[in-house]
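Order of appearance sets the numbers: ligands from 1, and atoms from 1 within every ligand. What you see is a predicted model, and the numbers here were worked out from it, not measured in a lab.
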Amino acid sequence: MVSKILIANRGEIALRVLRACKELGIPCVVVHSTADADAMHVRLADESVCIGPPPSRDSYLNIHQIVAACEITGADAVHPGYGFLSENAKFADILDAHDITFIGPTADHIRIMGDKITAKTTALELGIPVVPGSDGEVKTAEDAIKTAALIGYPVLIKATAGGGGRGMKVAKTEADVIEAWSTARTEAAAAFGNDAVYMEKFLSKPRHIEIQVFGDGEGNAIHLGERDCSLQRRHQKVWEEANSPALNVEQRMKIGQICADAMRKLKYRGAGTIEFLYENSEFYFIEMNTRLQVEHPITEAITGIDLVHEQIRVASGRGLSVTQEEVTFEGHAIECRINAEDPRTFVPSPGTITHFHAPGGLGVRIDSGAYQGYKIPPYYDSLIGKLIVHGRTRVECMMRLRRALDEFVVDGIKTTLPLFQDLVSNQDIANGDYDIHWLEHYLAHHPA
Ligand code: MV4
């Protein structure tokens with residue numbers, strides 16, 4: 001049983017986890033860098049430990065400092081949030097060796113999904129549909145030509161150690177494929193210290209749809225439907241929704257059950273997200289994330305299930321609080337990521353928030369550690385909060401979102417709020433008619 005949780009993260013997700021701990025009556029400790037001494041979650045935590053200077057590698061990524069903070073405070077579990085050490089198998093192993101519970105999957109499952117070739121092979125074996133492509137690594141130039149001819153052009157070459165869009169090369173014809181393969185390998189070796197690459201059919205206009213899964217580590221697993229995360233810029237999600245405007249209930253239940261069955265076979269533990277590209281009514285697995293995701297609140301909104309409570313339950317050996325039959329999907333939810341950035345160029349805009357007023361009312365949730373007078377440090381990502389809106393229908397959700405955006409005031413810094421004002425009134429968005437390229441195309445054609 002988990003008796004005291006150390007939160008190894010910062011910002012809105014540290015606050016999110018802290019709220020779950022407080023509701024469950026579990027004492028919690030936060031660790032923070034010197035740059036985050038004034039953060040909201042540090043004020044609200046039962047205990048806090050300063051673990052180092054601002055750079056992440058000296059603080060939020062410093063495993064030894066975090067383990068020491070557990071020992072000093074008597075924390076017997078760590079919630080890693082997202083980013084930082086959340087998908088670091090070595091960290092999970094080290095906590096295990098210290099008899100500290102990692103609130104997440106096993107180190108082995110993190111490792112399997114962290115290597116994209118192994119992840120894809122595993123997905124295929126578990127019955128999940130994958131993108132047509134090479135059988136594992138493409139090791140030679142001849143192999144690259146042969147595989148591409150079999151798949152059909154265009155093809156995409158991806159680094160096994162990449163993920164999230166890093167280390168990809170397109171080859172449109174046989175004339176390009178050797179150079180693309182060779183460049184991909186060189187860049188992968190330099191970026192990740194691993195030159196293994198694989199090849200896939202390039203899907204030209206897919207949506208990005210991901211399935212939320214949850215396992216108890218003992219062979220029980222459920223799915224919590226999907227999120228459509230197609231609206232992104234440079235692999236940074238901007239707006240996410242659940243359900244996807246592209247799916248009907250039969251499609252949702254079919255892909256969801258495939259994913260839940262796969263997680264049962266894997267004996268997966270904790271929260272996971274299975275990422276798909278979706279094109280011409282077909283799902284194609286690309287990657288699995290073995291952590292809680294930024295956009296988890298839209299799933300919470302439509303299912304009523306607190307995903308962090310579930311993570312803590314499972315980590316404590318108490319299993320899931322619901323069966324698949326008990327999971328229902330009610331209405332529609334949208335999340336807007338409020339970043340301290342220019343709303344057109346996305347250039348970071350750190351500094352002091354001189355005025356802050358968050359919207360409220362029925363169906364409106366704000367996950368943010370921001371407050372009037374808060375100084376956003378320049379060292380970390382620029383997410384300052386999330387606006388999550390829920391309605392009985394997608395139309396009601398959009399009406400409520402427009403109203404909530406009108407109430408939202410953040411002064412003193414630039415934020416992405418004006419972009420959402422534009423998107424909420426856009427006809428394609430109203431129709432749910434967008435793919436992974438839509439936002440970049442829109443921004444190119446709608447300068448400030
Ligand atoms: C692809 C693809 C098209 N075809 N794979 C980018 C992030 C990484 N998770 C996988 N990515 C892609 N893989 C095939 N076979 C297009 C992308 C892609 C993308 C995927 C999801 C969300 C946004 C994206 C933006 C550009 C490219």
**OP:** Before accepting this row, confirm whether a basic side-chain N of the pair E210/R227 lies closer than 4.0 Å to the acidic partner's carboxylate O.
**Re:**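 A salt bridge is present here (some side-chain N lies under 4.0 Å from a carboxylate O).
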**OP:** May I ask you to decide whether R269 forms a salt bridge with D108, counting only side-chain N to carboxylate O separations under 4.0 Å?
**Re:**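 Between D108 and R269 there is no salt bridge, as every charged N stays at least 4.0 Å from the carboxylate O atoms.
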Subject >> Other residues, nucleotides, ligands: >12 heavy atoms within 6.0 Å of K201 NZ >> reply: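 Above 12, so yes.
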**OP:** Please answer whether the main-chain N or O of W438 pairs with a side-chain N or O of H441 as donor and acceptor at a distance below 3.5 Å.
**Re:**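 Not at all, since once roles are kept as given, no pair shorter than 3.5 Å links the two residues.
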Original post:
Under 3.5 Å, is there a donor-acceptor pair between the side chain of Q65 and the main chain of I51?
Top reply: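 Yes, Q65 side chain to I51 backbone: donor-acceptor pair under 3.5 Å.
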Subject >> Those protein residues which place at least one heavy atom below 4.0 Å from ligand 1 >> reply: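 Answer by chain and number: V131, L156, K158, G164, G165, M168, E200, K201, F202, L203, H208, Q232, H235, E275, L277, I286, E287, I436.
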Subject >> cation_pi(R207, Y434) dist<6.0 Å, angle<=45 >> reply: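 Output yes; distance and angle both within limits.
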